[in-house]
Amino acid sequence: GNLFLQLELRDRTGVIGARLWNAGEQLFRSFEPGDFVLVKGKVQLFQGSLQMILNHVARAPDDQTSLADFLPHTTKDVGKLADRLKALLRKVSNPHLGALADCFLADDEVMRGFCRAPAGVRNHHAYVGGLLEHVVNMLEVADRIAPCYPEVDRDLLFLGVFLHDIGKVRELLYERSFGYSDEGQLVGHLAIGVEMLNEQVRRVPDLTGEPFPTELLLRLKHLILSHHGTYEFGSPRLPMTPEAVALHFIDNLDAKVHTVTRDIAEDASTGRWTPFSPSLDRKLFKGGGKEALGGE
């Protein structure tokens with residue numbers, strides 16, 4: 001009948017449940033969810049799962065912790081990804097769209113978030129720097145396929161790729177753990193992205209000396225609002241321009257290939273197939289590796 005603490009402890013390697021028996025109210029109020037804590041205890045097996053029985057838990061000072069120990073990070077160099085992002089956006093020749101890209105790139109607060117945010121909480125690119133990695137991958141694809149589709153406005157597609165998930169900078173939480181902000185829960189990254197676009201478009205005439213074209217802004221908003229592709233996946237509009245169709249499929253390509261390759265790489269089972277994946281609605285074939293294909 002005594003009070004006890006039940007916690008979920010996590011770092012970048014995983015999650016484990018923990019309990020501290022005979023805990024008091026003062027200890028319970030000494031830290032909040034998302035705080036860094038220093039714990040001591042023993043690990044034991046309980047009903048088929050590991051758990052920790054603690055004898056000590058205390059809040060750890062933020063300045064004595066490294067965020068890299070607690071959140072998964074992209075394996076790529078964030079600085080090089082950011083440089084590649086800027087290099088690809090410099091290919092935009094439309095003066096209005098080029099100036100718009102410059103406005104976003106010059107906003108330190110937005111770009112700090114853009115370089116840190118995951119692309120999702122649990123699905124594809126769910127790690128620090130994941131959003132930046134996802135967008136650069138998509139820009140690389142767009143850069144390569146654009147010559148095959150001259151009817152698609154390359155500049156408009158590039159800005160659509162850059163801005164399609166920009167709202168995740170404010171939708172998601174990623175300072176201590178991944179989750180959703182109040183704004184993210186109530187509004188969502190599609191609507192937030194359009195708001196951020198409107199905020200930056202107001203600054204473009206200062207660079208170009210001309211009003212931002214009305215139809216161009218409508219097409220950009222449509223790219224953001226339709227990139228999920230179908231109503232059942234949360235898209236308030238279906239893609240209705242060539243650039244919107246291209247954006248949706250490039251986005252889906254990068255997300256799905258990343259998810260499949262990640263699930264195969266992280267599967268610890270010894271068989272030739274992964275377990276059934278509810279998110280993909282299928283098992284994945286691992287096969288016999290590169291040697292089975294005649295590779296090295």
TODO: Find out if a path of hydrophobic residues (ILVMFWY) with successive side-chain heavy-atom gaps under 4.5 Å connects Phe46 to Ile16.
DONE: no
- [ ] Could you tell me which non-hydrogen atom of Ala60 sits nearest to which non-hydrogen atom of Leu38, and how far apart they are?
- [x] CB-N, 4.2 Å
- [ ] Verify the cluster assignment for Val245 and Leu238: are they in a single hydrophobic cluster under the rule of side-chain heavy atoms below 4.5 Å apart?
- [x] no
Task: Rounded distance [0.5 Å steps], CG in Asp267 versus NZ in Lys286 - done: 3.5 Å
TODO: Take the angle between the ring planes of His125 and His134 and call it parallel below 30°, perpendicular above 60°, tilted in between.
DONE: tilted
Task: Shared hydrophobic cluster, Leu89 / Ile145 (ILVMFWY, side-chain heavy atoms < 4.5 Å) - done: yes
TODO: Taking the side chain as every heavy atom from C-beta outward, state whether Val15 and Leu9 have any atom pair closer than 4.5 Å.
DONE: no
Open item on the list: If you define the side chain from C-beta out and look only at heavy atoms, does anything of Leu172 sit under 4.5 Å from Ser181?
Closed with: no
Task: Hydrophobic cluster identity match, Val128 and Phe70, side-chain contacts under 4.5 Å - done: yes
Open item on the list: Evaluate Glu133 against Lys80 for salt bridge (Lys or Arg N to Asp or Glu O under 4.0 Å), listing each step before the verdict.
Closed with: CA-CA 10 Å; Glu133 181 183 322; Lys80 290 181 179 179; over 6 Å; no
Open item on the list: With a 4.5 Å cut-off on side-chain heavy atoms, are His228 and His164 touching?
Closed with: no
Task: Residue pair Phe178 / Ala126: nearest heavy atoms and the distance that separates them - done: CE1-O, 3.5 Å
Open item on the list: If I take atom CE from residue Met138 and atom CG from residue Leu88, how far apart are they, to the nearest 0.5 angstrom?
Closed with: 12.5 Å
Task: Backbone of Tyr231 reached by a side-chain donor or acceptor of Ser235 within 3.5 Å - done: no
Open item on the list: Between Arg219 and Glu243, does the side chain to side chain contact (heavy atoms under 4.5 Å, CB included) criterion hold? Intermediate values first, please.
Closed with: CA-CA 9 Å; Arg219 287 175 176 267; Glu243 296 77 23; 3.9 Å; yes
- [ ] May I ask you to test the Leu54-Phe4 pair for a side-chain heavy-atom distance under 4.5 Å?
- [x] no
- [ ] Give the intermediate values and the outcome of side chain to side chain contact (heavy atoms under 4.5 Å, CB included) for residues Thr274 and Ile264.
- [x] CA-CA 7 Å; Thr274 68; Ile264 290 174; 4.3 Å; yes
Task: Test item: Ile250 and Leu157 side chains (from C-beta on) under 4.5 Å apart, heavy atoms - done: yes
Open item on the list: Could you tell me if the side chain of Asp11 sits less than 4.5 Å from the side chain of Asp69, heavy atoms only?
Closed with: no
Task: Contacts of Phe249 that satisfy ring pair (Phe, Tyr, Trp, His ring centres under 6.0 Å) - sequence neighbours left out - done: none
Open item on the list: Can you give me the closest heavy-atom contact between Val161 and Ala142, atom names plus distance?
Closed with: CG2-CB, 4.5 Å
Open item on the list: Side-chain heavy atoms nearer than 4.5 Å, only ILVMFWY residues, links allowed to pass through others: does that put Leu207 and Leu217 together?
Closed with: no
Task: More than 12 heavy atoms from other groups under 6.0 Å of CZ on Phe285 - done: yes
Task: Sequence neighbours excluded - side-chain hydrogen bond (donor to acceptor under 3.5 Å, both in side chains) pairs with any residue from residues 101-117 - done: Asp107-Gln200
- [ ] Could you tell me whether the side chain of Lys40 and the main chain of Asn55 form a donor-acceptor pair under 3.5 Å?
- [x] no
Open item on the list: Taking the side chain as everything from C-beta on, heavy atoms only, tell me whether Val78 gets closer than 4.5 Å to His73.
Closed with: no
- [ ] Before accepting this row, confirm whether a basic side-chain N of the pair Arg59/Glu32 lies closer than 4.0 Å to the acidic partner's carboxylate O.
- [x] no
Open item on the list: Less than 6.0 angstrom separating the ring centers of Tyr174 and Tyr180, yes or no?
Closed with: no
TODO: In sequence, state the C-alpha distance, the side-chain angles, and the governing distance for Arg237 and His222, and then conclude on side chain to side chain contact (heavy atoms under 4.5 Å, CB included).
DONE: CA-CA 8 Å; Arg237 287 291 181 268; His222 178 66; 4.3 Å; yes
Task: Stepwise side chain to side chain contact (heavy atoms under 4.5 Å, CB included) test for Glu195 and Glu183 - done: CA-CA 12 Å; Glu195 288 181 3; Glu183 184 181 18; 4.0 Å; yes
Open item on the list: Pairing donors with acceptors under 3.5 angstrom, does anything connect the side chains of His227 and Asp165?
Closed with: yes
Open item on the list: Within the 4.5 Å heavy-atom criterion, are Asn94 and Leu216 side-chain neighbours or not?
Closed with: yes
Task: Nearest-0.5 Å distance, CZ of residue Arg170 to CG of residue Asp182 - done: 13.0 Å
- [ ] List the atom of Val43, the atom of Leu50, and the distance in Å for their closest heavy-atom pair.
- [x] CG1-CD2, 3.9 Å
Task: Distance (rounded to the nearest 0.5 Å) between Gln26 CD and Arg29 CZ - done: 11.0 Å
Open item on the list: Once rounded to the nearest 0.5 Å, what's the spacing between atom NZ of Lys256 and atom OG1 of Thr259?
Closed with: 6.5 Å
Open item on the list: Quick check: closest heavy atoms across Leu163 and Ile224, and the distance to 0.1 Å?
Closed with: O-CG1, 3.8 Å
- [ ] Ignoring hydrogens and angles, state whether a donor on the side chain of His124 or Asp254 is under 3.5 Å from an acceptor on the partner side chain.
- [x] no
Task: Separation of Leu247 CG from Ser226 OG (nearest 0.5 Å) - done: 7.0 Å
Open item on the list: Enumerate the side-chain hydrogen bond (donor to acceptor under 3.5 Å, both in side chains) contacts for residues 141-155, please, sequence neighbours excluded, ordered by first and then second residue.
Closed with: Lys91-Asp143, Ser93-Asp155, Glu140-Arg144, Asp143-Arg154
Open item on the list: Counting only heavy atoms from other residues, nucleotides and ligands, does the tally under 6.0 Å from CZ of Arg203 exceed 12?
Closed with: yes
TODO: Looking only at non-hydrogen atoms, find the nearest pair between Leu156 and Leu223 and report the distance.
DONE: O-CD1, 3.5 Å
